[in-house]
Number of protein chains: 2
Amino acid sequence: MSAEDTDTPGGAFIGYKTCPVRRTLSILNGKWKPLIIYELLPGPCRFNELKRRLPGVSQRLLTAQLRALEADGIVDRKVMEVVPPHVEYSLSEKGRSLHPVLQAMEIWGENEIKNYPIS
Amino acid sequence: MSAEDTDTPGGAFIGYKTCPVRRTLSILNGKWKPLIIYELLPGPCRFNELKRRLPGVSQRLLTAQLRALEADGIVDRKVMEVVPPHVEYSLSEKGRSLHPVLQAMEIWGENEIKNYPIS
DNA sequence: GCGCCTAGTATACATAAGGGTACTGCACAC
DNA sequence: GTGTGCAGTACCCTTATGTATACTAGGCGC
């Protein structure tokens, strides 16, 4: 990494402009973001369905991380103006391009669970 | 993911026992951990050299994340009893097995930087 | 024998990120 | 009119991370 891009106005990663790993981490740096992307890989999903698929996440956090992913162009948010409200989240092209990263995580985790099962 | 492993005593990931992605995230969930592993991939490295290679990290954080990675069996810590002190960090076999994950992140980041350069 | 060097460790304090729960407004079922 | 589902928002609290400083122990210059 070059030492020139040491700017990080909003707490983003120093060096995300030039360091590939930091650039990727600047997108995936939320606790739930990789899991959200992982759950959206098969196809679009509504808010509460996503919440059910991600045990442990709170509404507040899920909203916040979805908004961040939307701002980064990873997730698309489609609002149907009906009652009850219907909001559909899906991966953008850029989001789908993260598939190999999530897949690598999945493969490593599968191997870990197989070799070192817990309780 | 099954709903049974909802235990997470110390703030670890719910479901890390059975969900592969969560299992991987339970190891990589620190802001600097992926970068530390990335920097250690080429070979062993001393503390201050690591610090120099990771602009933006503080001594305190680097120490803490190295200890966490050590506890997870990702990083080996070798202390030479000399003056001045000499401590060498390196990846364990388990740590090296994370190479594909870091590589996927690197590739994605490279592509991003190429397609969407910043300033 | 005093101050400065290395390679860290330890402490204190501030801010950022994560988390829990209650609450909204509207429609539908009962 | 009570309960349920949807897609959030508001409020408050706990971890995680960031910053700064002081400390270890021996060796070196003077």
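Fair warning: this is a prediction, and the values are worked out from it, not measured in the lab.
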Taken to the nearest whole Å, CD1/I36(A) to C1'/dA7(D) is 15 Å
How many angstroms lie between atom CG of L91(B) and atom NE2 of H99(B), to the nearest 0.5 angstrom? 10.0 Å
Atom CZ of F47(B) to atom P of dT24(D): distance rounded to whole Å? 19 Å
In Å and rounded to the nearest 0.5 Å, what is the CZ to NE2 distance from F47(A) to H86(A)? 13.5 Å
Phosphate contact (dG19(C) OP1 or OP2) by K31(A) side-chain N/O below 4.0 Å: yes
Report the distance from atom CG of L28(A) to atom CG of L28(B), rounding to the nearest 0.5 Å. 10.5 Å
Interatomic distance, CG@L41(B) vs CD1@I36(B), rounded to 0.5 Å, equals 12.0 Å
Show me the dot-bracket string of DNA chain D, counting Watson-Crick or G-U pairs under 3.5 Å, with | for pairs to another strand and [ ] for crossing ones. ||||||||||||||||||||||||||||||
Can a side chain N or O of R46(B) be found less than 4.0 Å away from OP1 or OP2 on dA7(C)? yes
Taking only side-chain nitrogens and oxygens of W32(A), does any of them come within less than 4.0 Å of OP1 or OP2 of dG19(C)? yes
Exam field: side chain Q65(B) to backbone K33(B), donor-acceptor pair closer than 3.5 Å: yes
I need the NZ-C1' distance between K78(B) and dG8(C), as an integer number of Å. 18 Å
Return the value, rounded to whole Å, for the distance between atom CG of N29(B) and atom C1' of dA17(C). 13 Å
Is the side chain of T24(B) donor-acceptor paired with the backbone N or O of G109(A) at a distance under 3.5 Å, no angle test? yes
Would you say a side-chain N or O of Y89(A) is under 4.0 Å from OP1 or OP2 of dC6(D)? no
Under 4.0 Å, counting only non-hydrogen atoms across every strand here, what does V87(B) touch: a base, just sugar-phosphate, or nothing? sugar-phosphate
Looking at R52(B), I'd like to know whether one of its side-chain N or O atoms comes within less than 4.0 Å of OP1 or OP2 on dA7(C). no
Presence of T63(B) side-chain N/O under 4.0 Å of dT9(C) phosphate oxygens OP1/OP2: yes
dT9(D), OP1 or OP2 - any side-chain N/O from R67(A) closer than 4.0 Å? yes
Can you check whether Q59(A) has a side-chain N or O nearer than 4.0 Å to OP1 or OP2 of dA10(D)? no
d(CG, L62(B); C1', dT17(D)) in whole Å: 13 Å
Quick check for you: among dG19(C), dT19(D), dG8(D), whose closest atom lies nearest to any side-chain atom of L61(A)? dG19(C)
Would you check if the side chain of E88(A) reaches a backbone N or O of P44(A) as a donor-acceptor pair within less than 3.5 Å? no
Atom CD of E49(A) to atom P of dG8(D): distance rounded to whole Å? 15 Å
The residue among E39(B), R46(B), R77(B), E49(B) that forms side chain to side chain donor-acceptor pair (under 3.5 Å) with Y89(B) is R77(B)
So, OP1 or OP2 of dA14(C): does either fall under 4.0 Å of a side-chain N or O from R60(B)? no
Figure out the NE2/C1' separation between H86(A) and dG8(D), and round it to whole Å. 15 Å
Tell me the interatomic distance from R53(B), atom CZ, to dA7(C), atom C1', rounded to whole angstroms. 16 Å
When the nearest nucleotide of DNA chain D is assigned to G30(B) and to E88(A) on a heavy-atom basis, which residue is associated with the more 5' position? E88(A)
